[in-house]
Amino acid sequence: MITRRDLLARAAVAGGSAALLSRTPLAAQEQDPHAGHQMPAAHADHQPKMAAPASRRTLPPPPTRSDIAGWRRDLGYTPVTTPDGVTAKWRMNGAWKEFHLVAEEIEQEFAPGMTVKVWGYNGGSPGPTIEAVEGDNVRIFVTNRLPEHTTIHWHGIFLPNGMDGVGGMLQPHIKPGETYVYEFKLRQHGTFMYHPHADEMVQMALGMMGFVVVHPKKPLAEPIDRDFCIFPHMWAIHPGTYRPDPSVMLDFDIFTLNGRAYPGTSPLIIRQNDRVRLRFANVSMTSHPMHIHGHRMWVVETDGGQIPRSAWVPESSLNIVNGQTRAADFVADVPGDWPLHCHKTHHAMNAMGHEVPNPIGADLREVGARVSELIEGYTTMGTAGMAEHAEHAEHMAGPENTLPMMAGTGPYGPIEMGGMFTMMKIRAGIDSYQDPGWYDHPEGTVAWKVDSAPEGLI
Amino acid sequence: MRVARVPLLVLALAALGLTGCASVDPTGSFESTRELVAGRHPGTVHWQRGDQADAVATARAAELLAVPITPDSGAEIALIRNPELQGTLEGLGIAQAELAQASRLSNPGVSFSRLSGSGELQRTVAISADLVDWLVQPLRRRLAEAELERTRLEVGDALLGVVADARSAVVTYQAANQLLARLERIEAIDRSAADYAKALFDAGNLTALERANAEAAWAESQAEVGRARLDIVRLREAASLTLGLDPSDAWQVASELPLPPDATFDSKMLEERAVADRLDLVAARWAVDAIERALALKRKTRYVPVGVEVGVERERETDGINLTGPTVELRLPLFDTGKASIALLEAELARSNWQLRALEAQVRSSVRERGAELAANRELVTLYIETILPLRKEVLQRTLLEYNQMLVGTFDLLLAKQEEVDAERRALEALSGYWLARVALERAVGSPLPESAHGHHQDHSAAASGGSEENR
């Protein structure tokens with residue numbers, strides 16, 4: 001007996017693609033430029049081999065406030081923004097909202113000076129954020145252009161058992177070159193994830209993950225103005241190499257937000273008094289306490305959906321445990337440049353040696369001079385702390401494809417951060433969410449130096 | 001013993017005419033020896049005989065000593081000053097004198113017997129003695145000539161031995177000095193590591209265990225330097241002895257061994273050359289020939305009233321058999337008709353032929369072995385110069401890049417530097433192995449290798465050291 005599902009799968013394998021099933025025009029494409037960058041082409045040749053690495057996808061331009069208002073009017077929800085990432089393209093096909101994910105290897109720039117061969121979807125890691133509304137029937141095509149088989153598990157979503165994506169256990173693996181289709185009705189809302197459930201240690205270590213955001217059918221009482229999806233991830237990309245090492249369990253080198261490491265992360269641009277939602281998800285090997293400055297956020301959503309208002313918890317750091325998603329809201333009422341970062345300090349740094357003998361406080365002047373005679377180009381460093389490293393990094397060469405441990409320069413000097421660090425730039429009266437540059441502090445609102453320390457206070 | 005009187009006088013006079021041409025002056029033999037080995041060694045051998053030439057040779061040696069000694073200049077100095085070689089050269093004088101002696105008839109014995117009243121009988125006895133001398137004199141002379149020839153070969157071979165010993169001694173001493181420089185650098189690296197560990201320990205950042213480990217490593221490398229310094233004392237003594245130098249001679253060796261010249265050798269051709277040229281083989285062939293002649297003589301004189309005893313003296317040397325030539329004695333064949341002597345000589349001849357073949361096989365084998373050693377060391381040197389040392393430098397450079405980003409620490413950097421210096425040390429071992437193998441091969445072949453014109457080695461010393469002297 002041939003089921004409809006079989007037909008679909010065969011059609012897909014036979015060269016088919018979404019086009020064979022498509023009757024309706026690409027409904028969402030024109031009306032939602034924010035979501036319209038990922039429409040996959042019809043892939044006629046499903047070669048069971050590794051395709052050439054895709055170049056990084058083009059990011060959408062920053063929206064204006066009126067763009068967002070228009071989308072909210074048309075869609076009934078405020079579309080999410082995935083900083084440095086994209087939202088999945090979709091179209092309506094009868095009752096079905098269709099998406100297409102292509103699993104593939106990508107050369108992705110984590111920050112200027114560092115490019116990584118990651119595995120992701122549709123040109124990036126994390127893959128495009130799939131966005132839908134509670135009650136939608138979704139059909140997701142998955143094409144495998146990896147060198148090995150894969151599947152997709154829809155993490156946290158209620159669905160038929162055979163759609164859960166556990167390779168071997170619940171479905172055949174999607175072999176290289178094959179396209180499978182997943183179909184289910186979204187019976188809940190919340191922040192979810194997708195990731196492989198086939199050789200998952202390797203595939204997630206190499207970057208395969210993405211958000212699924214399901215908006216509630218009933219609009220929120222307090223509409224969101226800016227809705228951000230942020231996927232922290234950690235990578236073992238040994239200094240001087242180009243590909244994540246999946247065998248590493250604890251000793252990670254590079255920490256990213258949406259596949260970018262500071263200073264490669266793009267800031268979150270927010271208008272003063274915007275209601276902001278931050279959504280986080282985590283498939284890495286440890287938890288990430290995501291911390292915001294200058295505000296506190298109400299934890300409003302878990303993987304299980306909205307938390308009753310009476311149970312909202314105010315936090316300045318929200319720990320995102322492995323395998324978990326969270327959403328938190330806040331009103332951005334204080335303008336300025338506010339950091340948003342993982343509060344594990346090593347996660348807000350770039351590559352560093354974890355077994356370097358600690359030179360702090362040691363008198364290395366004499367021995368350092370002798371080592372300089374033995375080894376041309378040697379300089380002692382770190383005896384007073386590591387801050388000087390940020391300055392060294394500017395003139396002392398390091399291994400190829402390796403970000404300095406700490407980087408970034410602000411209006412007042414080196415920022416000395418890396419990894420899972422970004423900024424929320426909150427400005428009064430802006431109409432476009434373009435990077436406004438550094439905050440211009442009002443007179444007398446920046447810490448200043450005094451001529452002498454006070455007496456009698458300690 | 002009685003012999004007719006008149007013919008004896010005639011023959012005695014004729015014999016006198018044949019004698020007296022052999023000089024006691026060995027200069028000619030020396031010159032011909034020098035010719036024999038000309039082209040087989042660098043420099044000129046000088047025989048110190050208290051004449052004006054001594055001053056020239058002494059000045060030449062002083063001139064060579066004034067600049068850093070190379071293996072070839074060391075060999076030339078040894079050829080002038082090595083006292084053992086001078087002693088060996090005196091062998092030429094001895095052989096020459098023996099030849100001169102052998103060339104003369106013994107003085108007629110004039111013995112007047114008081115026991116007998118018959119002067120006639122007395123005379124007959126005296127003439128009888130002359131007769132014996134006259135009979136064996138040409139033979140004796142021929143054997144003394146042969147002995148001189150043998151001595152010339154022996155001296156020539158010894159001379160080449162001194163050349164090889166001197167060159168080896170200089171190469172070994174040069175290598176030891178270069179090795180010491182590397183070990184001193186390793187010691188400096190270990191000292192820095194120990195001091196660094198101490199500074200971190202004092203700051204409370206390193207365990208006492210780690211500090212003790214670093215300090216132990218430093219102390220060990222000091223011990224290595226101490227051993228190497230002792231080696232240098234020993235090797236300097238050995239080189240001094242071979243070159244014939246005194247403690248008063250202030251001398252130095254060239255600081256760097258040159259890189260191997262670009263040449264490969266046809267091992268088969270070298271074997272053939274060795275078999276043709278080696279003086280010990282020439283001597284061994286000559287000895288076989290001499291035994292053949294002695295045997296022929298013995299056969300001819302077997303029933304002569306005055307018997308000739310010929311024999312062979314031989315001695316064994318580590319590198320082969322050295323036949324020191326037949327001996328001759330005269331015996332009266334009263335009881336022995338020489339049958340056993342002939343059998344002995346026949347056996348000796350057979351044995352000598354086998355031994356000649358054995359020596360040839362040894363020479364060929366030695367050439368092959370030394371040639372293989374040379375080729376293997378050349379490949380090692382090339383591997384070090386072209387691959388390992390550049391890689392070690394790259395490792396150091398890349399470690400420095402990682403150090404700059406605080407990915408590794410100073411200890412890793414010092415370790416990378418130490419591995420670089422250690423690779424230089426092993427490159428040096430290969431290089432000295434090459435030059436020692438080359439000296440040994442040239443000694444095995446008995447003449448310089450075709451491609452190597454002595455004194456024309458290109459000096460790649462900077463490259464040989466890995467160009468890292470400036471890092472010292």
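Only this structure's heavy atoms are used, side chains among them; waters, hydrogens and symmetry mates stay out. Chain identifiers are assigned alphabetically (A, B, ...) following the order of the sequence lines, protein sequences preceding nucleic acid strands; residue numbering begins at 1 within each chain.
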- Just checking, A/R260 and A/F110: is the charged tip under 6.0 Å from the six-membered ring centre and within 45° of the axis? no
- Check: A/H347 ring centre within less than 6.0 Å of A/H341 ring centre: no
- Under 4.5 Å, counting heavy-atom pairs only, tell me which of A/D363, A/V367, A/D253 racks up the most with chain B. A/V367
- Max heavy-atom pair count under 4.5 Å with chain A, selected residue of B/L206, B/T410, B/D412: B/T410
- Item | Leading residue by heavy atom contact count with chain B [cutoff under 4.5 Å; candidates A/L364, A/N350, A/V371] | A/L364
- Message: Quick check on A/T383 against chain B: is it the side chain, the backbone, both or neither that has a heavy atom closer than 4.5 Å?
- Response: neither
- Interchain contact, A/N358 with chain B, by part (heavy-atom threshold 4.5 Å): both
- Item | Ring centroid separation A/F231 to A/F280 under 6.0 Å | no
- Is the Lys NZ or Arg CZ of A/K425 less than 6.0 Å from the centre of A/W438's six-membered ring, within 45° of the axis? yes
- Assess the pair A/H346 and A/H354: is the distance between their ring centroids shorter than 6.0 Å? yes
- Message: With a 4.5 angstrom heavy-atom cut-off, is it the side chain or the backbone of B/F411 that approaches chain A, or both, or neither?
- Response: side chain
- Query: Do B/Y173 and B/W251 have their ring centres less than 6.0 Å from each other?
  - Reply: yes
- Item | Atom group of B/D202 that falls short of 4.5 Å from chain A, counting heavy atoms | neither
